[in-house]
Number of protein chains: 2
Amino acid sequence: MAAREYGQYCGVTRALELVGERWAMLIVRDLLVGPRRYGELAAGLPRIPSNILATRLKELQECGVIRRAPRSRVIVYELTPYGRELEPVVLALGAWGFKAMGDPREDQVITPDAMTMALRTAFREDIASTLPATSYVAHLGLAELLVRVDGPRLDVSRGDGPVDLAFATGPEVRLLLSGDLSPERAITTGAVEILRGPGRLLERFTRTFHLAA
Amino acid sequence: MAAREYGQYCGVTRALELVGERWAMLIVRDLLVGPRRYGELAAGLPRIPSNILATRLKELQECGVIRRAPRSRVIVYELTPYGRELEPVVLALGAWGFKAMGDPREDQVITPDAMTMALRTAFREDIASTLPATSYVAHLGLAELLVRVDGPRLDVSRGDGPVDLAFATGPEVRLLLSGDLSPERAITTGAVEILRGPGRLLERFTRTFHLAA
DNA sequence: CCGCATCCCATGTGATACTG
DNA sequence: CAGTATCACATGGGATGCGG
């Protein structure tokens, strides 16, 4: 059970001893979106074996990265304050890995929590501050995200609601975020389907959210 | 040989598929300091089995993170431009892991490359810019680092030379970087030994390099 | 049902030895 | 010096079971 060690007195090795095991960082990624139950984590990580999930949850608790939410009737896992400090790591990993994402394969899913963190990664706080407050609903296969941008603040939650623009898309969202697919073309080619609201707001979306490819 | 996949269309998972295997990020860490030969990498990662090192080097080449340096007579590994973009990830990991570093154990070593990256992590560019150019030699067990700070620029290399301040220390350098041990106390208690130059420059060192604990 | 625990097998890892 | 080869073992993956 003792985490395998690297035998070095170094911050990077220490970090990897805590969250470097397979699946661990993905549990952290999903918990960065919000507290989650065991089943919710399992649903967000479709290919994780249940014994591994249970083991990781135990290890991450032991080393102070996550905890069971106190005074909650049901069992809910959440990040500790120290665990929440992993956000810069996850964002940096996401930005780097984004550039290596090819086209999606059949066996790859887009989960709501992964997409939420991707939007946080792509969020341009400085640019958003110059734009009027805007809310979006983005349908991405399974994920249905309510995205509210207000100045430098970003809030992403699940669900639907009254928003300025609602649109549906698929994995093409990657090209939209990287700028390889213009909002106009995305609409005319059908890569993005406008559900409600003026389609021109999609351009504002792409200015608010951008990731280099 | 095909990297184990997570089955998600997501930047974080893609990144972990490329550099999430055990030891991979540490190879990247050391190559961020500079190109290295096979034997140098093995020396910087004392506990890595040779077959694992060989395997990782092959995988990292295949996925475009590292390469054998071209037109070099001997075999030298270096990061590709894309691999070099992992620096923010390694720095973020190092900063986070630093907070979880306890006191060093007998079986833990401090390697020159790990220490170099730790200094890069701790470097306060903005503060350094306000201070006069200063060069240091830091002896840390095996590691003997020549640290040159000139405005916002930092250069760390191995070796010795004429510098403003030369000092020797051990794992206590962690307390020095976190501010839990003041430069004065470090000198009076012998945690830091001044070899050459005025000891008061150690205070400038700690202002230039700082990591939150 | 939810939150795991158990079992079994495939694969990855680690230590050591060895080679071009 | 820069890796392979080999083998024992730990970990991961997938299916299944099971108590609260």
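So that the names make sense, note that chain A is the first sequence line, chain B the second, and so on, each numbered from 1.
With distances taken from any side-chain atom of B/I75 to the nucleotides C/dG14, D/dG3, C/dG3, the minimum falls on D/dG3. Checking C/dA5, D/dT11, C/dG12 against the side-chain heavy atoms of A/R4 singles out D/dT11 as nearest. Side-chain atoms of B/R56 lie closest to C/dT13 of the nucleotides C/dG14, D/dG12, C/dT13. When the nucleotides C/dG12, C/dG14, C/dG3 are ranked by their closest atom to the side chain of B/N51, C/dG14 comes out on top. Distance from the side chain of A/R37 is smallest for C/dG3 among the nucleotides D/dT4, C/dG3, D/dA2. Here the nucleotide nearest the side chain of A/Y38, chosen from D/dT4, C/dG3, C/dT13, is C/dG3. Side-chain proximity of A/R22 to the nucleotides D/dG13, D/dG3, C/dT13 is greatest for D/dG13. Here the side chain of A/S50 is nearest to one of C/dG14, D/dA15, D/dG13, namely D/dA15.
Checked for salt-bridge contact, A/D180 and A/R174 miss the test: no charged N lies under 4.0 Å from a carboxylate O. Under the 4.0 Å criterion applied to side-chain N and carboxylate O atoms, B/R36 and B/D113 are assigned as salt-bridge partners. Ion pair B/R4/B/E21 flagged as a salt bridge, since at least one NZ, NE, NH1 or NH2 atom sits closer than 4.0 Å to an Asp/Glu carboxylate oxygen.
For B/R36 and D/dC1, the shortest distance from a side-chain N or O to OP1 or OP2 is not below 4.0 Å. Considering only side-chain N and O atoms, B/W23 lies under 4.0 angstrom from the phosphate OP1 or OP2 of C/dG14. Between B/Y77 and the phosphate of D/dG3, there is a side-chain N or O to OP1/OP2 separation shorter than 4.0 Å.
The distance between atom CG of A/L45 and atom C1' of D/dG14, rounded to the nearest whole Å, is 16 Å. A straight line from CD of B/E59 to C1' of C/dT11 spans 13 Å, rounded to a whole angstrom. The distance from atom NZ of B/K58 to atom P of D/dA5 is 9 Å, rounded to the nearest whole Å. Atoms CG (A/L53) and P (C/dA5) sit 11 Å apart, rounded to a whole Å. Between the CD atom of A/E5 and the P atom of D/dT11 there is a distance of 12 Å, given to the nearest Å. Atom CD1 in B/I52 sits about 12 Å away from atom C1' in D/dA10, given to the nearest Å. Nucleotide C/dG12 holds its P atom 14 Å from the CD atom of B/E17, rounded to whole Å. As rounded to whole Å, 16 Å separates atom P of C/dG12 from atom CD1 of B/I48.
Applying the 6.0 Å contact sphere to CZ of A/R158 captures more than 12 heavy atoms from other residues, nucleotides or ligands.
In this structure a side-chain-to-backbone donor-acceptor pair under 3.5 Å is present from A/W96 to B/Y82.
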